[in-house]
*Asks:* 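Please find one structure pasted underneath; my questions will follow.
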Amino acid sequence: MKLTQPKLQAIVDEACAFFDTATSLSVSIWDGEDVTSAAAGYSNAETGALATPDTLYSIGSSTKAFTAAAIGILVDQGKIDLDEPVRKYMPEFKMYDEDVARVLTVRDTLCHRCGLPRHDLAWVMQPDLSYRELIPLIEYLPPKWPLRYHFYYNNFMFMLASVLVERVSGENYDDFVKKNIFEPLGMNASYVYADQIPDDDPRKSMPHDGKDHEFHVIPRMTLRNAAGAGSIYSSTPDMIKWLRFRLHGNEKVLSDKLRKEAQSPQMLIKEGEMFPWQFPETVLSTYAMGWFVESYRDFTIIHHGGTVDGYRSMQLFVPGKDIAISALTNGNAPEATDSIAYKLVDILLDQPDGDWFNRWKKITEEMKAEAEKGLQELKKKQEEGGVPFTVADYVGNFHHPGYGTLRLVEKDGELCTQVDSYTCPFICNEGDQFFLIVEAFGMPIPATFKRDEAGKVTSVEIPFEPEMPDEPICFTRVE
């Protein structure tokens, strides 16, 4: 079914109003003949600036497909081989498991099968490090599974792929992507990093947190430390240019062989491995290289979303039907971009209405209820105040070679540390057993301090990686 602009505008208006954490929503579609765009809401709620289809947003992890394409371009040029070890191009590369480091291939970096859990706090807590400086830290991040045994999302591998692009091409990652992808595809409204957008560009949006059902502007992340894992900013019309390239190809950019290979399943995703929900319309989920590939109703759909503080994106296309959809928002509203993408694909494929707005709202409300339960537990522990303890015993710097330095300070009589942008207190449970209160996590995290024979606190163990609760990250005191 063809969608007129007024009809698309009505759907976008409805979604923006329905999901009250979506500060604005921009959507563009390709129906096989025309590009149609619509937008609603505020690009900046503080100034009252309205969003348009040309508004620029972070696309978050939708960046990963660009990184896979950059590697593919280098394969076409004969400079790199997907199935050769990373060490062929980066001899110094190390991992926690030397046997894995020796055989990890370029392809492995692009399809989430390296055996590592996310370990995202290892880079989030060290924003001053570049992605190049983060790669050596992989040596200190323990794995959870054997290589190629289990699908699990990992941003570090796409940072590694970004460095591979630089090492093999001799160019900076952003320059390579701009010259070899943005420019030949006419993506003139796309930037690899937020700080490359001119300060006076009226298309620039601000991220919002939507806390307490109000729109609060929060700092924009440049994500220079994430690079090819999630740093690109763009508009929905520009993203349609990208998606049409994924549909039809352009041999001047990437060979059809490599384009199709990057969109072919590499890893099976078992139920619950990526998301805690499963829709009956989706029978089979897989990951390619920078793309999710799924059977949806009677069709194959290829998509990838992205989440950055205050932004959410969804890029989706249907290869057999010449359909593409891009949805971007500057609020913490994954339900808005995902639900509208599925609603629109149903319309364009002449499928029954999937009631996606209500279904996604139900999922969101259940997740919020679970988070609220955790927050109530946090508040209870904070109100109880925990067991009295001598704060000075624990103040100091504690270091982990992968996660960096955890700085414990006294603030208003409490023992606190900084996790991302949050100031987080420690609540004593018993002896040297504490709970670290991280509001963003929605639950207290156990923290265990260790002492030497003289009684001095020498380390703290915190299970920051949710997949490894019994293998905490050990931070050792440094003077």
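Worth knowing before you read on, the calculation uses all heavy atoms, side chains too, and leaves out hydrogens, waters and symmetry mates. For clarity, every value in this text was computed on a predicted model and none was experimentally measured.
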*Asks:* Tell me yes or no: between the side chains of S61 and Y153, is some donor less than 3.5 Å from an acceptor?
*Replies:* yes
*Asks:* Between D81 and K88, does any side-chain N to carboxylate O distance fall below 4.0 Å?
*Replies:*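 A salt bridge is absent here (no side-chain N lies under 4.0 Å from a carboxylate O).
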*Asks:* With no hydrogens and no angle check, just 3.5 Å: does a side-chain donor-acceptor pair link H304 and S62?
*Replies:*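 The criterion, which ignores hydrogens and geometry beyond distance, is not satisfied for S62 and H304.
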*Asks:* Could you check whether any side-chain heavy atom of Y173 comes within less than 4.5 Å of a side-chain heavy atom of T67, counting everything from C-beta outward?
*Replies:* yes
*Asks:* Ignoring hydrogens, what is the shortest heavy-atom contact between Y57 and A51? Give both atom names and the distance.
*Replies:* OH-CB, 3.6 Å
*Asks:* Can we say K2 and D31 salt-bridge, meaning some charged N sits less than 4.0 Å from an Asp/Glu carboxylate O?
*Replies:* yes
*Asks:* Under 4.5 Å between any side-chain heavy atoms of T282 and I301, yes or no?
*Replies:*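 When only atoms from C-beta onward are counted, I301 and T282 do not touch, as no gap falls below 4.5 Å.
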*Asks:* For T36, what residues pass the side chain to side chain contact (heavy atoms under 4.5 Å, CB included) criterion, not counting sequence neighbours?
*Replies:*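 Scan of T36 (side chain to side chain contact (heavy atoms under 4.5 Å, CB included), adjacent residues dropped) gives Q5, L8, I29.
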*Asks:* Assess whether a salt bridge exists between K178 and E171, defined as any Lys/Arg side-chain N lying under 4.0 Å from an Asp/Glu carboxylate O.
*Replies:* no
*Asks:* Could you tell me whether the side chains of D54 and S235 share a donor-acceptor contact shorter than 3.5 Å?
*Replies:*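 D54 vs S235: no donor-acceptor pair found between side chains.
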*Asks:* Can you confirm whether D322 sits close enough to H248 that some side-chain heavy atom of one is under 4.5 Å from a side-chain heavy atom of the other?
*Replies:*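 In short, these two side chains touch, coming nearer than 4.5 Å.
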*Asks:* So, do F18 and W360 have ring centers that fall under 6.0 Å from each other?
*Replies:* no
*Asks:* Can you tell whether the side chains of K94 and E98 come within less than 4.0 Å, N to carboxylate O?
*Replies:*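 No salt bridge links K94 with E98.
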*Asks:* Does the plane of the ring in F475 sit parallel, tilted or perpendicular to the ring in F464? Use 30° and 60° as the thresholds.
*Replies:* perpendicular
*Asks:* Is the shortest side-chain N to carboxylate O distance from D76 to K257 below 4.0 Å?
*Replies:* no
